[in-house]
Amino acid sequence: MFIINCPYCGERDQSEFSCGGEAHIERPKQPTELSDDQWAEYLFMRKNIKGIQFERWNHAHGCRKWFNVVRDTSNDKIHAVYKMGERPPLK
Amino acid sequence: MSKSLRINKNNFIDQTIRVSFKFNGQKLFGFKGDTLASALLANDIHLVGRSFKYHRPRGIMTCGSEEPNAIIQIGNDPSSTEPNVRATEIELYEGLESFSQNCWPSVNFDIGGINNFLSPLLPAGFYYKTFMWPASFWEKYEFFIRHSAGLGKSPTKPDTDLYDHQYAHCDVLVIGGGISGILSAKLAAEKGLNTILIDDKNCLGGSTIYQEDDCFKINNEYSNKWLKKEIDNLKNYPNLLIKKRTSVAAFHGYNYLLAKENLTDHLGINERKNKIRQRLWKIRAKKVVIATGSIERPLIFNNNDRPGILLNSSIKKYIDFFGVKSGNEISLFTNNDSTYETAISLNKSGVKVNTIIDIRENSNSTLVKKVQKIGINILWSHTIVNTNGYKRIKSINVQKLSADGENVVGKKIKINCDCLGMSGGWTPMVHLFTQSGGKLKFKDENYIFIPDINKSPSDQISVGSCNGIFELDDLITNTIKNIKIFLDLDKTIYDNLNVICSKETEKRNIWLLPSDKPLSKTKPFLDFQNDSTAKDVKLALREGFKSIEHVKRYTTTGMGTDQGKLSNMHALGIIADTTGTNMGDLGTTTFRPPFTPLTFGSIVGRNVGEFFDHIRKTAIHDWHVENNAKFENVGQWKRAWYFPKNNETMFQAVQRESKAARDNAGILDASTLGKIDIQGTDASEFLNRVYTNAWSKLAIGKCRYGLMLNEDGMVYDDGVTTRLGENHYIMTTTTGGAANVLSKLEDYLQTEWPELDVYLTTVTDQYSTISICGPRSKNIVKKIIPDLDLSDANFPHMSFKNSKIDNVNCRVMRISFTGEHSYEINIQSNYAKDVWIKCMDAGKEFNITPYGTETMHLLRAEKGFIITGQDTDGTLTPSDLQMDWIIGKKKYDFIGKRSLYRSDTIRDDRKQLVGLLTEDPLEVLEEGAQLVEDINKKPIEMLGHVTSSYFSPNLKKSIALAVVRGGKKMKGKKLIVPMENKNINVTITDTVFYDKENKRLNA
Amino acid sequence: MKNKYSIFSLIKNALSNHENWQRAWRDPEPKKEYDAIIVGGGGHGLATAYYLAKKHGMTNIAVVEKGWIGGGNTGRNTTIIRSNYLWDASAGLYDHALKIWENLSQELNYNVMFSQRGVMNLAHNLQDVRDLKRRTHANRLNGIDAVWLNTEEVKKFCPIINTSPNIRYPVLGGTLQRRAGTARHDAVAWGYARGADAMGVDIIQNCEVKGIKRNGDRVDGIETNKGFIKTKKIGVVAAGHSSVIANMAGIKLPLESKPLQALVSEPVKPIIDTVVMSNAVHAYVSQSDKGELVIGAGTDAYVSYTQRGSHDVIEGTLKAILELYPIFSRMKMLRQWGGIVDICPDASPIISKTNIKGLYFNCGWGTGGFKATPGSGDLFAHTIANDEPHKLNAAFNLNRFVSGDLVDEHGAAAVAH
Amino acid sequence: MLNFNSTIKEEKIFGDIKIAEVEPIIKINLRSKKREFSKKIGKILSILPPTEANTSSGNEGYNLLWLSPDEWLVYSNNKKQSLKEQIDLEDRLFDEISKLNQGAVTNVSDHWVMINFKGNKIYDLLSKSCPFNFNEFKRKKGSVTQTLFNHIDVILHNRDNNELNLFVRRSFSEDLWLWINDSARFI
C-alpha cells in the first residue's frame, strides 16, 4: 500500500485513492475530425511505460479531487504529485 | 517407557506449574513456559513426524520458526483443529492435543515408509517423466499422489474463533527483541520517538538472555544479567509499545508492515472464550529497524536427518532456557566456535558431550580453550560420513577430511550417541529486508548474504546478526554506531559499553561434506521437509536446470512450510560449487511474504460472516421486512424483490403485483437509484456533453430521460434528469451505477472541462424515492398532498413539482418506468418511512399493492424499457437498442459520440434489441438462452440471446426482449431457441408489448 | 534424438544412479541469424517455437529469454484451464487449446499433469445467473461441455462450499465444465522447451532484448545483451513486458500492465477436488497435487512492473474465500506473489501482425493466458509462418481497436482467472 | 406531523467509549470557487469557511468543515432547531449562493448520519479499520478528515480531547453501527 501525498489533503493511505491511468492524454477537442485510427490512438493505445510514468489519481475517499502523480512503475516509488492543470515536473 | 530429560535448573519456565498434554493419544506432562517441542524432548520423544516424500522418520531439529520436521496437527475438534503447527513455536497449554502428520497408521509404523526403499526411483522431477501411460490414467495416478501428499488435515467445520485488525502509525518500528533490537528500541524511545518493539517469543532477549558465561561480559556483568536489566528498564518509556508473541509477516513498500499477534493460542481451551485469537497489526513506520537475528545452518552429510539430530544452538536453548537435555550422550558436529558454547552449557548441566567433530583444522578462541580445559574430546579436520539408527540416532561414523575437503581419509571411527548436534554456521535473516525490495550482497568470508545498504528501498536499517555481524562486541558497537546515524543521535547512554567476548579466528565451510561412499549411495538432505538431497540438486544441474529458480522448482528445495530457511544457502552453495560460479553472482531465490505462515482468519479479521460485505438499506427497509418482503442483492443494497402473501411462490406474487399495478395502484421503493444534485451556470452544457441527447431547451420543471455512453460508444448508464431551476438539475442513475457515474462525471469536470461552472453533489441517501403507479395512483397522491394540483394541464407527464407533505419539503416527479400514470415522491430519508406508511393507508381504498424489483422488471419489459446491465452488456450502442431517437445528431460532441461512427459500429448487422413472442404463449424463455435461425447448420450460428423474459399477466402471454444480429430488420421472422431438451419457436416483434400508444400514461 | 521418458527409462537410470540423464535442453550461444526469433521464453513463446518447428518446418529459429524460461507468468499463475468462454471467437480459441491439452503429455513426452477435475463458476446474484446461463447455452451450442448446476448440485459437486441461503451473497447456482481443470505450470514450459530443443530450436536464456532493428517498414533483427541477431521475423510473446518491446519498435499497443497476485496455503490432505471460481465475490481456489490451496486474487488498478501488488487485494480475496469456505479460516498462507499481466480493454488477447512487416505480437492475455498456452503457440506459429492469421485467431487482431469490433469478455470474465 | 425516523436510535457504552447518534440536525453541503462566497457565508453563519485543509471553523451554532478546496460541510450544534428554522437556513443559503451563481448549496441533513464518539480509546477503536494516521488529528481540536472506516466513507470532526463526530451515509449507517458495536467489545 503506497502513501500518496494528495496535493490538497496531505499524505494518505493508498486505499483512499483510485488510479485513473496514464496522464496527459487530452481528450481531442474535435473528435469528429479524427480518423478511426487517430480516435483509437486516443481511446485505447497506451505507452504503458516501465519506468517514470505520469498518471492520474483521484482522492476518491477524501477530497474527491483528481491530480497527477509521477511514479516509477518499475519500483512503485512516487517522485512527485501535482495538481491538474499544473506543469508536470521532471519532464 | 521413556525417561525424563528434564533437569531441575533454569530461569525461564515455571517448574511449579505442571501442564498435561497429549501427543498421539499418549498423556504427557510438561511445565508452563514449555513449547510443545521442549515438552516432547523432556519426555525423551524425538520422533514426531514423517517426511513429505520418503516418509522417513523425523525428529525435532530446531527451536524456532525454521523448524522443517516437527510439524504437528493441533487439536481434533473439526472446527478448531489446526494443521502444520511447528512444535517449536506453540506454547504448551493445559489439555493440548497433538498428532503426528503424514503417516499411517502411526508415526512409529508408517506404511508410506516404503517410499524410502523406492527412493532410487523417485529422484527430483520423476513425476514429469512418468505416469503418462496409458494416456487416460493420469487422474488415477494423481488420486494416489494427492492422497499421499499434503501434510496435516484442514478443519472441516467453520472456525469459531475471532480475529481482529489494528492499524498503528509510529516513528520507529523495531523488529526483533534480541540484544540488537533491545538496544535500538531503547535508543529510539530515549529520544522520545513513538516506538514499537515486536518480538515473536513471549520473552524478550533473544539468545543473549540465556547466555551466562564468563566468555561474554558487558560492563563486567554476564551478558544475560546486563541485558535483563535493560529489558526491565524498557517499561519506563510510555512512548514505547512492546508487542510480544507477535511476528512480522510481511514488509511491503512504503514501510507498511503486517505483524500477527497471538493472543490465545497459549491459553487453556477454557480461557479462550470471547477473546480475539489473533490480531493482525498493520503498521506504518517512518523508520524500521530490522533486528531479526540469524539462524543456525545444518551441515549436509549422509543421513543427516535422523530423529535425535538437532542444531547445536537449539540444544543449547533447550538446556539453558527450558532445562531439557536433548539426550544423555551427545556428540556435536560443527564448523565454527558457537558450538563450543553449547558444549559448555551441556557440561555445566551435567550432560555428557562425548565428542566434538570439527571440520576445521583447529581454533584457539577462549571458548574452544575452555572446552578443551573441561576435557571434551575434539576431533579436528573430521567429518561424519554416516549416521545410524532408524527412529532415533544411535551412532555416527566419523572420518578424517582430506586437505582439500573433498574426500575422507583414514580409519572410520564409530561413536555412539543418542543425540547429535550440528552447526554449519549462521545465516542472517534477511527475509524482511528483501521483501521490502532490498538487494543483497555476498560476504565471502562468512559465506552469507547480507543487506546491501546502498540498495535499501526505504527508510530502514538492519542491525545485529541479520546484518551479518555475529560477535557480541562487534554487534553492540555496530548497532549503536548505526542507530546513532539512523536516528540522528548525538550521544547515547551506550557510548562507553565495555564488552568482552570470545573471538572466532578459524573458519572453514564445506557445503556438501564428503562420505566414504559415492554421493549416489548416500542421502545428504538439504530440504528436510521436502526430502530433497544434494543429489537432487546435482541431477537438476546435469539435466540443464541452471537457474537457481529452476533448481528450486525442479527439486522442490525450499518449497516446504519452512520456505527453505534451512536449505536455501546450501542449495546455492552446491550449485555454485558444481557449476564453478561465484555465489554472489548466482544470486538468491526470491523471499516472498509471509515470513511465517499467516492464518487466513488473521488476514481477514472481523470482516467475516455478517460483516463480509456492507449491507445498504433504504429508509423504508424495515417496513419491507415487517411486510414479508423477499430481498434481492443489488450491489451492496438490499432491495425488496417481491412481497409474497399467504405462501405464494415468487411467480404467483409477481403475477399478482404486476396485475395490481396496472389495474389499480402499485407502490415501489425506488430509493436506491443514484441521485446527483447538479448546480452551476454551465449545468445544461455539462448535460449536453455527458448525455447523448440535447438538454439546453429543457424547460424548468421538466424531466427528460438520458442515455450515457462510455467513450467507446457503448451504453453505460441511463436515468431521468429533472431541471429544478435555471442552473439546477437533479440526475438519477441506475442503482449499481451511482458511484461510478459520479466519479466519471467528476473526472470529466475536473480534467477535461475545468472551464465549466458545475458542481456535483451526491444526494442518493438524502432523498428516498417512493414510486406510485397505476390508474388510481392520482387518487392516492391527491390524498397525501392535497394542495398539489394533479391535473394533466398543471402537472403533465415528464414534469416535476416542489411540494410539502405536512411541513416537510418534497419533490414530486410525474415520470413512469411502468408505462402507467405514475408519480415519484422524493422526500428526506428520515421522513420516508412515514410517508410510505401514509401512502399505504391512503391507498387502501384503491387497492394499493407494494411491489418489488421483479415486478418492476416485468412491467417495464411489457413496455420495452431497457435495464442497463441486463439488456445491455457493454457491447451495445444506442442504435443497437433501437434508440436512435436519443442521439442528438446535431450535437457537436458528447461522451462516446465519435465511437458510434467507426467502421464496425455503423454496420447494420450488429446485435440489436428486439422483442420476442413464443409460439406457445405459455412458454417462458430462459434469460440467457441463445437464438438461432437454422438449427441444422454446422457449426451452429448463434444470432443473439434472450436478455429479459417474463410471463405477462396483463397480456396473458410470455414476452421477452433479446439482442439479435441484424434484428432491426427481422420483425416477423421466426427463430429457434435451442434448449438442452427441446427447441422453442419464437417470432421477432417490436420491443413494446403493452400500450404501444402510451395511452395509460395519462389514464 | 532425445531419450524417451517413461517408467522404464526411470528404472534404467536408477541403476546408473541417475548419472546419465540427458540435458532437457541445450544452452547454446546465439547464432548470427535466424529465420525467426521468438522474444519471450514463457509457455506461449516456447509453444510457438515448438509448433513453428513441428508444423511449419522452421527449425532455424531461436527463443530469447531475458531471465530463465518459464519464470514469468507461466510460473506464477494458478494453472486453471478451461474453455467455457462466451463469444464464438473466444470459445474457438480456448477450446482449440483445451483439445491440445488433452494429449499434451503424450505429445511432449513430458507429464504436464493436466488434470480434468472440472471448473465450476458460481453465481451469486440474479445478473450472475443470467450471465452464466447465457454462457452455458452458448458453450453447449459451440460444442463445449458446460452444464448449469442448481445450488444443491453445486453443493454435491463441491461439498465444502457454504451454500447456506443466509450468507451475504448466497450461491444461486453455477456452471460446470468437466473437461476443464489444472496442469503443472513449470512442466508446460519445460516440456515445450525440451520438445523444441530436440527439433533444433535454440533456447537462449539470460538474453535480454535491448532494441528492435528496423529497415524501413520491416524488421531486421534484435539488439540483445548478447549482441545483434539478424532475422526477418520476430514474434513477441513478452506478456507484461509487451509494451516495453513495442516501444522499442516504435509502436503503441492497447495494453496496461498490472500486478496480479496469487497465494498458496500450507499443504493439507485432499479437501477440495475441483476448481471453483466466483466472479461476484472475487475468489477462486483449487488444491494442488502437493496439497496446497492455490488461490488467485485480483489485479490492482494501476500500472506496475514490480511483481508485487497491494495487500488489500489479498485481504479482499481471502475475505471472499472465508465467506464461501468458512472451514479455511485456520489454514495458513504460505506464500504470496505477484505477476505482471498485460490487459486489453476488451479482456481478450491479441495474436496479430502489426504495421511493421515481420513483427508479430501475441499479448494481452491479461489474467487468463495459461490455459491458452498450447493453442496460443499453435496459432501464433501459424500466423508467423504464413504471415496471416489462422481463422481461429483472426478475430484477435490489432485492428479491432480501430474498427470497434471488440471481443468483449468482460461480462463473462470480469475477474482474474 | 410526519414521524422522524433516524437509523440508530440508541446509545452504547463499551468500557470508557460512549457512542450515540445525534439527530436531528441540519447538514448542508457547500461548493464554491467564487470570491464572494466566503463573505456571504460569513454574513449568514457568522463564521468563515476555513481555507486550510483538514480544519474546521465554528461557533456556538454551527460548524464549517473543510472537505476540499471548493467544498465544505455545515452542521448545526443545535438538536432543538425546528424544521422551519432548518428550512429557512437552507433557503437563505440557497438564495444567496446557488441562485446568485456563487456556488452550490445542497441539503444533506439526511444523507449523513452523525455519530458522536467519546472516550479515551476512541482512536484505538477507529484504528481497527481506519488506515488514517490519527497522531496529528487527535492533538488538534477542530481537525477534520475524510477517510475510510471499515471500507466505508466517513467524515471525522475532532470536537474535543477524546471526542469526535463521525458522519456516515445513511444507507451504510446501520451496517457500520453494528460493526462498531462488534469491534468495540474488544477494546
Side-chain angles (χ1 to χ4, degrees), chain B residues 162 164-170 194 274-276 279 282 284 605-607 610-611 613-619 621-622 636-637 671-672 677-681 725-728 757-768 805-809 827-835 837-838, chain D residues 1-7 23-24 27 29-34 70-71 82-84 87 90-91 94 97-99 101 103-113 124 126-136 150-152 168-176 178-179 182-183 185-186:
Chain B
L162 300 168
D164 192 27
H165 286 172
Q166 190 82 42
Y167 282 92
H169 300 260
C170 61
N194 174 359
N274 295 320
K275 289 189 180 126
I276 296 283
R279 175 173 290 135
K282 300 177 169 182
R284 279 283 185 195
R606 297 296 307 122
N607 293 105
E610 60 180 310
F611 299 117
D613 194 16
H614 308 307
I615 295 175
R616 295 182 73 181
K617 291 178 180 175
T618 74
H621 183 90
D622 293 348
Q636 291 174 321
W637 287 100
S671 307
T672 62
D677 187 66
I678 305 174
Q679 299 187 36
T681 49
E726 175 63 26
N727 299 321
H728 192 189
D757 177 36
V758 175
Y759 300 101
L760 307 177
T761 306
T762 173
V763 285
T764 302
D765 296 29
Q766 167 74 4
Y767 296 106
S768 292
I805 299 176
D806 288 344
N807 57 346
V808 182
N809 287 334
I827 188 138
Q828 277 188 238
S829 289
N830 285 332
Y831 299 99
K833 188 179 167 193
D834 204 38
V835 172
I837 291 167
K838 287 198 159 52
Chain D
M1 279 291 284
L2 285 177
N3 286 324
F4 182 90
N5 276 296
S6 68
T7 55
E23 291 293 349
K27 301 159 203 125
N29 199 78
L30 301 174
R31 302 286 304 272
S32 182
K33 292 172 189 142
K34 304 274 167 75
D70 62 2
E71 185 166 10
S82 73
L83 187 61
K84 180 161 184 328
I87 293 170
E90 182 192 347
D91 287 347
F94 191 85
I97 311 283
S98 295
K99 283 211 174 147
N101 299 324
V105 172
T106 309
N107 188 334
V108 287
S109 298
D110 291 9
H111 186 76
W112 295 109
V113 169
D124 292 338
L126 288 169
S127 290
K128 281 191 178 292
S129 189
C130 213
F132 183 72
N133 183 352
F134 288 105
N135 289 345
E136 286 285 319
N150 195 31
H151 311 282
I152 296 173
V168 57
R169 287 174 71 162
R170 194 186 196 283
S171 58
F172 286 101
S173 61
E174 192 182 325
D175 188 275
L176 185 65
L178 292 174
W179 190 91
D182 179 72
S183 278
R185 292 186 290 153
F186 307 109

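These values consider heavy atoms only, across backbone and side chains, with no hydrogens, waters or symmetry-generated copies. Chain letters run A, B, ... following the sequence lines, proteins first, then strands; residues in each count from 1.
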[X] [atom1] to [Y] [atom2] distance, which is reported to the nearest 0.5 Å:
X: I276(B); Y: F186(D); atom1: CD1; atom2: CZ; value: 4.0 Å
X: N107(D); Y: T761(B); atom1: CG; atom2: OG1; value: 11.5 Å
X: S671(B); Y: Y767(B); atom1: OG; atom2: OH; value: 13.0 Å
X: I97(D); Y: Y759(B); atom1: CD1; atom2: OH; value: 10.0 Å

Inset, instruction - Give the ring-plane orientation class for F94(D) versus H728(B), where under 30° counts as parallel, over 60° as perpendicular and anything between as tilted. - result: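 Judged by the thresholds at 30° and 60°, the geometry between F94(D) and H728(B) is tilted.
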Under a 4.5 Å heavy-atom cut-off, does chain B meet the side chain of [X], its backbone, both or neither?
X: L2(D); result: both
X: I87(D); result: side chain
X: L178(D); result: both
X: V113(D); result: neither
X: N3(D); result: both

Inset, instruction - May I ask you to decide whether K34(D) forms a salt bridge with D757(B), counting only side-chain N to carboxylate O separations under 4.0 Å? - result: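 Looking at K34(D) and D757(B), the cut-off is met.
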Inset, instruction - Look at R170(D) together with D110(D) and state whether they make a salt bridge at an N to O cut-off of under 4.0 Å. - result: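 Salt bridge absent between R170(D) and D110(D).
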Segment of [X] engaging chain D (4.5 angstrom heavy-atom cut-off):
X: D806(B); answer: side chain
X: L162(B); answer: side chain
X: I827(B); answer: side chain
X: A619(B); answer: both
X: K617(B); answer: both
X: F611(B); answer: side chain

Who among [options] has the most heavy-atom pairs with chain D under 4.5 Å?
options: K838(B), R606(B), E610(B), K275(B); answer: R606(B)
options: D834(B), V835(B), T764(B); answer: D834(B)
options: Q636(B), H169(B), E726(B), H165(B); answer: H169(B)
options: N807(B), N194(B), D677(B), V808(B); answer: N807(B)
options: Q679(B), R279(B), Q766(B); answer: Q766(B)

Top contributor to chain B interface from [options] [non-hydrogen pairs under 4.5 Å]:
options: S109(D), S173(D), P24(D), S183(D); value: S109(D)
options: E23(D), R185(D), K33(D), K84(D); value: K33(D)
options: N150(D), L176(D), N135(D), D124(D); value: N150(D)

Between [Y] and [X], is there a side-chain heavy-atom distance shorter than 4.5 Å?
X: N133(D); Y: R284(B); result: no
X: Y167(B); Y: K128(D); result: no
X: N29(D); Y: E71(D); result: yes
X: W179(D); Y: N607(B); result: yes

Inset, instruction - State whether the side chain of H614(B) and the backbone N or O of S171(D) hold a donor-acceptor pair below 3.5 Å, judged by distance alone. - result: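 No; judged by distance alone, with no hydrogens or angles, the pair does not exist.
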